[in-house]
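Atoms considered below: every heavy atom in the structure, side chains included; atoms not considered: hydrogens, waters and symmetry mates. Just so you know, ligand 1 is whichever comes first in the structure, and atom 1 is the first atom listed for that ligand.
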Amino acid sequence: MKRKLDQNDEPSPQQLQPKETREEQPKEQQKPTTAEPSFADLGLDPRLVQAVAKQNFEKPTLVQQKAIPLALQGQDVLCKASTGSGKTAVYVLPLLSGILKRKSTDATPFTAALILAPTRELADQVFKVIEQFSAFCSKDIHAAKLTENVSDAVQRSLLSNVPDIVVSTPARAWHNINSSALSVDKLQYLVLDEADLVLSYGYNEDMENISRSLPKGVQTIMMSATLSAELDTLKGIFCRNPTLLDVKEELGDEDEKLAQFYVKCAEDDKWLLSYLIFKLQLIKGPCLIFVADIDRAYRLKLFFEQFSIRSCILNSELPLNSRIKVIEEFNRGIYDIIIASDEKSEVFGDLAIGEDGKSKDIKPEAEKKDGDAAEKESEKSKKKRKTQKRDAEYGVSRGVDFRNVAAVINFDLPTSASSYIHRIGRTARAGRTGMALSFVIPSDQFGKHKPTSLKSTEHDEKILARIIRQQAKLNRKVEPYNFSKTQMDAFRYRMNDALRAVTKVAIREARTRELRQELLRSETLKRYFEENPAELAHLRHDGELGRTTRQQPHLKHVPDYLLPNGGQKALTSNQIGFVPFKKEGKDKGHKRNKPKGRSFKVGSGRKRDPLKTFKVRRKAK
Ligand SMILES: Nc1ncnc2c1ncn2[C@@H]1O[C@H](COP(=O)(O)OP(=O)(O)OP(=O)(O)O)[C@@H](O)[C@H]1O
């Protein structure tokens, strides 16, 4: 965050670093102590240890230290560890090691491992990790992924090469097993990644079917970030008596890595705050903004465009290739803001807010208006939805390895505490620091600003109470954050101007245009870009979409008179302040660097004049 800094504000080095020079933060794991095992000590094939070193993993994370030896011994394992703790390597390394060991004496080709993940993004990500870890034994390991949108014939030919490892979603895996394209007769390993989510994605039947087709004695590894009743069901289906590992980070460690805040605000204030946060660059570094549905994501993007704030979109409508590319480019630091519609959270949120314990039907925004017009609109949008192709195997808040995310913003609070865990788990990964900020609509404010009201936020306060309780159990705090209303109000008319310009027609048009563009990129141009990879760099995903939005050039910059006395410094004051990051130069967001007191001061020199900094940055864009 290049937010307002005051005595209470201690910016992390990463957040203060200009985007262009953004580097990965040093990882806590990188200083081994004598007491802790190295990867070489875990009994892995030396070629894998070499590949791990190439990834700059200097020592195994706690969950890796505990679970890899068990998996190497052939035990069934059910492992629970927090998001971003390195669970993928926990199963990929032992699988590879086992396959290499067997192949040294028996080269018979057969599919030895099936890895199931709830979404195609995740399956694709796991496949990439396999490729990385088998870099020094690629001749001996052949892996295939069933994530591409290709015909049965293409999948069949892919599988006819008898890959050692197949990575898939359960639905695709079962489809191919059922059609005999994939033989699991000799399967040795079955992995369920993000096992707590597999059933909520509706894969029950596929899982039952897969289980029935497996030979006896398959070693099963289940990985999960949360414990849920679903894990028990899966345990019953696949392995009766696994070794249970519940790996917790050291006490206090999480607390330091991840700062969590919430802001109670009116419905339109979310828009105002987001505008301020990004236009004044109060958050610095890559940000992930979660909204409840696709229209809302486009609305926010078009709203941002009114102020020249660039962002890209992730949703289930976009082709998988585009989604993966957006994530990859975000990870490479090309984009600063992703607006992700967390549709699964809305569909599967436990919403168990009702005292009756029953979940409630959450209707999309267009369906919650009063009167005939609303009904008609609702009918129209229902029809439209039916004809729209969504990817049921999409999920962005769960498991996707976004790197170096400085902040996760819950623009719309999720409807369950477990969804919150998955969302905030996209930041503060692998020993890095991060911040989560959630907008919460107090119940007396709900429905007060019709144009921006959203049904799923009706019970925000109850969900927040659950989140706070859940985080307290994990020894983490979610703290309130207050913005000064008076200072925000100076910007309110600009926010209203921008909101008015983002009409329903503009949203629909932007959504259709982007879909068309992405399909074109994804399908028609795929081969061209395979042959001309350099050209791909010219295709950006954060371009402007709002051609039909009213253009308002005066909104693109912030006049000096709007900034409170003292510019951004004032915005970071106690009233409006922002997130207490760590001190510059002190790093590193870990225990040994615990900040001593809060003494960061904003100077008055040119370099530190936030207004001037802001102007320079704007020119640079
Ligand atoms: N031993 C290690 N040292 C340093 N970095 C690591 C280590 N192991 C994994 N990582 C990195 O940590 C990040 C998170 O790893 P991974 O995606 O496996 O976490 P996860 O526990 O599966 O998270 P989630 O629950 O969100 O899926 C990745 O970028 C990975 O490269």
Would A225 count as a polar contact of ligand 1, with the cut-off being nitrogen or oxygen pairs under 3.5 Å? no
Which heavy atom of S85 sits nearest a heavy atom of T61, and at what distance? O-OG1, 2.8 Å
Quick one: look at K87 and ligand 1, take heavy-atom pairs under 4.0 Å, and tell me if it's side chain, backbone, both or neither. both
Does R426 have a heavy atom less than 4.0 Å from any atom of ligand 1? yes
Write down the atom of A173, the atom of L114, and the distance for their closest heavy-atom approach. CB-CD1, 4.3 Å
Between S85 and ligand 1, does any nitrogen or oxygen pair lie at a separation below 3.5 Å? yes
Short N/O distance, under 3.5 Å, between R429 and ligand 1? yes
Region of F39 engaging ligand 1 - heavy atom pairs below 4.0 Å: side chain
So between G425, G86, A117, whose heavy atom ends up nearest atom 15 (O) of ligand 1? G86
Applying salt bridge (Lys or Arg N to Asp or Glu O under 4.0 Å), which residue pairs with at least one partner in residues 78-92 are found, sequence neighbours left out? K80-D246
Enumerate the atoms of ligand 1 whose separation from the nearest heavy atom of S82 is less than 4.0 angstrom. 21 (O)
Proximal ligand 1 atoms for T61, defined as those under 4.0 Å from one of its heavy atoms: 1 (N), 2 (C)
Does I409 form a side chain to side chain contact (heavy atoms under 4.5 Å, CB included) with I283? I'd like the steps, not just the answer. CA-CA 10 Å; I409 297 192; I283 290 182; 3.5 Å; yes
For G84, is at least one N or O under 3.5 Å away from an N or O on ligand 1? yes
Atom pairs and distances, donor-acceptor, side-chain atoms in residues 135-145, under 3.5 Å, two or more places apart:
{"unit_1": "D140", "atom_1": "OD2", "unit_2": "R47", "atom_2": "NH1", "d": "3.1"}
{"unit_1": "K145", "atom_1": "NZ", "unit_2": "D124", "atom_2": "OD1", "d": "2.8"}

Is there a polar contact, in the sense of an N or O pair closer than 3.5 Å, between T88 and ligand 1? yes
Side chain to side chain, F238 and V218, heavy atoms closer than 4.5 Å: no
Is a side-chain donor-acceptor pair under 3.5 Å present for N410 with Y420? no
Looking at T220, is its backbone amide N or carbonyl O close enough to the side chain of D76 to form a donor-acceptor pair, meaning the two atoms are under 3.5 Å apart? yes
Ligand 1 to E194 polar contact by distance, N or O atoms, under 3.5 Å: yes
Less than 4.0 Å is my threshold; does some heavy atom of A81 fall inside it relative to ligand 1? no
With V291 as reference, evaluate I313, D342, I339, N315 under the side chain to side chain contact (heavy atoms under 4.5 Å, CB included) test and give the passing residue. I339
As a check for students: among Q55, E58, K59, Q65, identify the option with a heavy atom nearest to atom 1 (N) of ligand 1. K59
